[in-house]
**Student:** 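To start, I am sharing the structure in question, which I have written as structure tokens.
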Amino acid sequence: MRTYSISLEEWEALFEYQGGVCAICGNPPGTRALHTEHEHKTGLVRGLACFFCNAQILRQRVTPELLRRAADYLEDPPAVRLFGERFGPLGRITTKKRRRRRRR
């Protein structure tokens, strides 16, 4: 209550409202409880987040604009626009390997 200005009952209501999962990734809490995620400058409680999302995304001061740019990058990578789809040895089977398999 002192830290986030919400009661245990309000926290539980928020947990139920979110379906018992992280508000960001949608995963249920693992071995750690969901964190009460809040804006550090103002103290605004935004929701409940898992350890990973709270620590890796929100604590890094990731902005909505940066997340939008990251989503655009993942959906339309510049290398794919320029060269087309190319896969390295750890990705899909390369064209050369496909040809070898067909010959056998």
Side-chain angles (χ1 to χ4, degrees):
M1 181 71 164
R2 267 182 257 159
T3 305
Y4 304 113
S5 297
I6 62 171
S7 68
L8 178 60
E9 291 79 19
E10 289 171 321
W11 191 96
E12 289 171 347
L14 181 55
F15 181 82
E16 291 298 320
Y17 183 77
Q18 288 184 201
V21 298
C22 173
I24 298 166
C25 69
N27 290 324
T31 57
R32 300 178 182 196
L34 292 175
H35 294 247
T36 305
E37 199 286 307
H38 64 287
E39 186 176 317
H40 286 255
K41 286 182 183 176
T42 65
L44 173 71
V45 173
R46 295 185 280 213
L48 306 177
C50 69
F51 175 78
F52 177 80
C53 290
N54 188 46
Q56 298 302 317
I57 297 173
L58 298 169
R59 284 193 186 161
Q60 300 300 321
R61 309 290 191 252
V62 174
T63 64
E65 176 59 28
L66 182 60
L67 289 175
R68 286 185 196 98
R69 290 178 62 195
D72 291 343
Y73 169 82
L74 291 173
E75 291 172 345
D76 187 24
V80 173
R81 283 197 315 265
L82 184 61
F83 305 121
E85 286 187 352
R86 294 203 184 158
F87 300 91
L90 298 178
R92 293 186 181 171
I93 299 171
T94 61
T95 304
K96 199 176 201 181
K97 287 181 184 176
R98 278 193 198 119
R99 286 188 199 132
R100 273 192 240 141
R101 282 190 177 176
R102 287 184 196 148
R103 289 184 203 153
R104 293 180 188 170

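Quick caveat, the model's predicted, so the values are computed rather than measured. What you see below is based on every heavy atom in this structure, not just the backbone, and it leaves out hydrogens, waters and symmetry mates.
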**Student:** Given side chains that start at C-beta, do those of Cys50 and Leu34 come closer than 4.5 Å, heavy atoms only?
**Tutor:**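 The answer is yes, as the side chains (C-beta and beyond) meet within the 4.5 Å cut-off.
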**Student:** What are the two closest heavy atoms between Cys53 and Ala49, and how far apart are they?
**Tutor:**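 For Cys53 versus Ala49, the nearest heavy atoms are CB-CB, 4.4 Å.
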**Student:** Examine distances only and state if a side-chain atom of Gln18 and a backbone atom of Leu48 form a donor-acceptor pair shorter than 3.5 Å.
**Tutor:**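 Looks like yes, one N/O pair under 3.5 Å.
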**Student:** When you measure from the side chain of Glu16 to the backbone N and O of Ala13, does any donor-acceptor pair fall under 3.5 Å?
**Tutor:**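 Checking the backbone N and O of Ala13 against the side chain of Glu16, no donor-acceptor pair under 3.5 Å is found.
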**Student:** Quick check for you: to the nearest 0.5 Å, what is the distance between Leu44 atom CG and Ser5 atom OG?
**Tutor:** 11.0 Å
**Student:** Give me the atom names and distance for the closest heavy-atom approach of His38 to Val45.
**Tutor:**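 Looks like CB-CA, 4.0 Å.
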**Student:** Same hydrophobic cluster for Ile24 and Leu66, using side-chain heavy-atom links shorter than 4.5 Å among ILVMFWY?
**Tutor:** yes
**Student:** So Pro78 and Tyr73, do their side chains get closer than 4.5 Å, heavy atoms only?
**Tutor:** yes
**Student:** Does CZ in Arg81 sit with more than 12 non-hydrogen atoms of other residues, nucleotides or ligands closer than 6.0 Å?
**Tutor:**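 Count over threshold, so yes.
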**Student:** Do Ile6 and Phe15 share a hydrophobic cluster, counting only Ile, Leu, Val, Met, Phe, Trp and Tyr and linking them when any side-chain heavy atoms are less than 4.5 Å apart?
**Tutor:** yes
**Student:** With rounding to the nearest 0.5 Å, note down the distance linking CG in Leu14 to CZ in Arg46.
**Tutor:**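 Here the interatomic distance stands at 13.0 Å.
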